[in-house]
Amino acid sequence: MNLIQAWNNGPGPNSIREYLILILKGVCMGVADIIPGVSGGTMAFITGIYDDLIDSIRSFNGNFIKKLVTFDLMGAVAEPHLKFLIPLFFGIILAMVSVANIIHSLLINHPVQVWSLFFGLIASSILVVGRNIGNFSLKNIFCGILGAIFSFVLVGLIPVTTPDTLWFVFLCASISICAMILPGISGAFILLLLGKYEYVTGALRNPALPENTAILIAFVCGCALGISLFSRALHYFLEKHHGVTISILTGFMAGAMRKVWPWKDVLESVVIRGKTHVLSEANVLPPSYNGEFAMAVGLMLTGFAVVLILEWISSAQRG
């Protein structure tokens with residue numbers, strides 16, 4: 001088996017057009033991860049690649065490790081879904097590198113407009129994802145309500161003070177990376193909530209220091225374990241208890257709407273590495289119904305329509 005055969009062994013795009021579409025979906029996920037409180041998992045759902053993403057993460061299994069340690073490099077390349085993951089992560093990184101400053105600038109100068117767009121995107125995606133639940137049984141409705149309550153409470157919590165030991169960094173990484181593939185919940189927000197956002201980003205500023213290297217190794221190991229175990233658990237529940245799992249995920253997204261409501265009063269914030277991070281805020285009604293309000297509503301409707309169009313395109317491609 002040569003490198004090209006190994007690369008083509010797994011699922012993924014087969015033409016330049018399909019590669020570009022997958023990269024664009026990665027860009028959408030990357031932009032979502034930049035927005036505080038918005039999850040890349042939400043965009044994966046919206047763009048119709050959520051199941052493929054979970055399966056691709058699961059493809060890094062025991063066979064992959066066995067082939068890697070026995071220096072079967074072609075086999076190690078063929079085992080995971082690199083053909084899918086590499087273009088997707090290229091798009092995510094591209095967005096984070098090129099769009100991060102633009103998004104942060106827009107959030108500072110035009111927060112209502114940015115949050116309005118994302119409010120429309122997520123509101124529409126709730127409908128799109130909810131359609132996959134199947135039968136609207138009492139059990140599914142109850143699980144959806146529980147998911148919404150959990151998410152609603154979670155995004156309103158205030159960060160706590162936690163220990164700086166390596167085992168706790170490992171634990172925080174395991175939890176936050178799981179949140180990154182859950183729709184409606186931001187992994188960066190979970191890290192901030194657990195009091196480790198500043199600690200980890202501080203280590204990234206000077207990774208060559210031995211103590212910072214240890215922190216980052218613990219964090220990466222925690223991420224690897226967390227996403228490996230969680231993706232398998234999520235796949236199991238999606239396969240065996242599809243309706244209940246989709247109901248809970250839909251509830252997560254509905255509860256997270258609290259975080260993306262455009263009009264807010266900041267109650268408490270902290271400056272980390274020169275950037276202001278909100279710790280506590282309250283949702284309020286629009287202060288006035290003027291041109292800014294009309295623009296916000298227009299952006300909500302635009303976001304709502306974009307998701308429906310993406311869903312229609314995805315359905316046409318699947319059909």
Side-chain angles (χ1 to χ4, degrees), residues 28-43 45-46 95 99-131 144-145 147-159 179 182-190 192-193 249-272 275-311:
C28 292
M29 288 183 64
V31 171
D33 279 324
I34 293 168
I35 303 292
V38 180
S39 169
T42 300
M43 282 298 168
F45 247 127
I46 291 172
V99 185
N101 290 333
I102 297 173
I103 293 295
H104 282 298
S105 176
L106 288 173
L107 278 171
I108 292 171
N109 298 307
H110 306 283
V112 172
Q113 289 80 5
V114 174
W115 288 118
S116 295
L117 179 62
F118 272 83
F119 189 91
L121 289 169
I122 297 175
S124 186
S125 65
I126 291 170
L127 298 179
V128 171
V129 174
R131 286 201 312 228
I145 293 172
I149 292 172
F150 176 80
S151 180
F152 183 87
V153 172
L154 184 66
V155 299
L157 293 177
I158 298 175
L182 278 175
I185 301 178
S186 164
F189 175 76
I190 295 297
L192 187 64
L193 188 67
L249 294 179
T250 304
F252 280 166
M253 297 170 73
M257 296 290 281
R258 173 184 183 178
K259 184 69 178 177
V260 294
W261 177 251
W263 295 277
K264 305 177 179 73
D265 277 345
V266 176
L267 304 178
E268 186 179 358
S269 63
V270 62
V271 177
I272 300 174
K275 296 180 181 178
T276 301
H277 297 270
V278 175
L279 301 182
S280 178
E281 59 192 1
N283 291 336
V284 297
L285 292 173
S288 59
Y289 299 92
N290 51 17
E292 183 184 73
F293 174 77
M295 180 180 289
V297 173
L299 287 167
M300 284 183 188
L301 295 175
T302 300
F304 197 91
V306 164
V307 173
L308 296 181
I309 293 170
L310 287 173
E311 169 64 12

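Atom set for the values below is all heavy atoms of this structure, side chains included, hydrogens, waters and symmetry mates excluded. Everything numeric in this text was worked out from a predicted model, so none of it was measured.
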(message) Show the nearest heavy-atom pair for residues Trp115 and Pro262, with the distance to one decimal.
(response) CB-CA, 3.6 Å
(message) Which residues pass the side chain to side chain donor-acceptor pair (under 3.5 Å) test with Asp265, not counting sequence neighbours?
(response) none
(request) Over all heavy atoms of both residues, which pair between Asn283 and Arg258 is shortest? Give the atoms and the distance, please. (result) ND2-O, 3.0 Å
(message) Which heavy atom of Met300 sits nearest to which heavy atom of Ser116, and what is that distance?
(response) CG-O, 3.3 Å
(request) Using the six-membered ring wherever Trp is involved, compare the ring planes of Phe150 and Phe252 and label them parallel, tilted or perpendicular (cut-offs 30° and 60°). (result) tilted
(message) Using the ring-ring contact (aromatic ring centres under 6.0 Å, His included) criterion, which residues pair with Phe304? Sequence neighbours excluded.
(response) none
(request) To the nearest 0.5 angstrom, please state how far the CE atom of Met295 sits from the OG1 atom of Thr302. (result) 10.5 Å
(request) Using side-chain contact (heavy atoms from CB on, under 4.5 Å) as the criterion, list what pairs up with Ile149, not counting sequence neighbours. (result) Ile145, Val153
(message) Could you check whether any side-chain N or O of Trp263 sits under 3.5 Å from a backbone N or O of Val112, counting only pairs where one atom can act as donor and the other as acceptor?
(response) no
(message) Looking at every heavy atom in both Ile126 and Ala254, which two are closest together, and how far apart are they?
(response) CD1-CA, 3.5 Å
(request) State the CG-CZ distance between Leu299 and Phe118, to the nearest 0.5 angstrom. (result) 11.5 Å
(message) Show me the pairs that pass side-chain hydrogen bond (donor to acceptor under 3.5 Å, both in side chains) and involve residues 289-298, at least two apart or across chains.
(response) Ser288-Asn290
